[in-house]
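Structure first, then comments.
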Amino acid sequence: MKAEEIRKKTADQLKTELQNLYKESFNLRFQKSSGQLENTSRIFKVRKLIARIKTIMKEKTIN
C-alpha cells in the first residue's frame, strides 16, 4: 500500500488497518519462531507499513 492510498483513508479505517497489521505481525513472528514461515520478507514489509500508517496518522493530527 502506497502513502497516497493511506492518506485517502479516514482515521477509523486507518485504525482498523493498523489493528489488522499488528495481528498479522504477531502471526508472522509466531510462524517464524515455530519454523513455518516461508516468506520472511513479509515481516519487514508489515513493519514498514505499520510505521507508514502511524506516520500518516500523526501528520493528520498535527494538521
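Quick caveat: nothing in here was measured; it's all calculated off a predicted structure.
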If you count heavy atoms of other groups shown closer than 6.0 angstrom to CD of Glu5, is the number above 12?
yes
Pick out which of Arg29, Glu24, Lys23 makes a side chain to side chain contact (heavy atoms under 4.5 Å, CB included) with Phe26.
Arg29
Measure the [atom1]-[atom2] distance between [X] and [Y] for me, rounded to the nearest 0.5 Å.
| X | Y | atom1 | atom2 | result |
| --- | --- | --- | --- | --- |
| Lys48 | Leu21 | NZ | CG | 14.5 Å |
| Gln36 | Leu28 | CD | CG | 11.5 Å |
| Ser25 | Phe30 | OG | CZ | 13.5 Å |
| Ile43 | Lys32 | CD1 | NZ | 5.0 Å |

In a table with atom names and distances, give each donor-acceptor pair under 3.5 Å that connects a side chain of residues 8-18 to protein atoms at least two apart or in another chain.
residue	atom	partner	partner atom	Å
Thr10	OG1	Gln13	N	3.4
Gln13	OE1	Thr10	N	2.9
Thr16	OG1	Asp12	O	3.0

Could you list the donor-acceptor pairs under 3.5 angstrom formed by side chains in residues 50-57, with sequence neighbours left out?
residue	atom	partner	partner atom	Å
Arg52	NH1	Met1	O	3.1
Lys54	NZ	Tyr22	OH	3.4
Thr55	OG1	Ala51	O	2.8

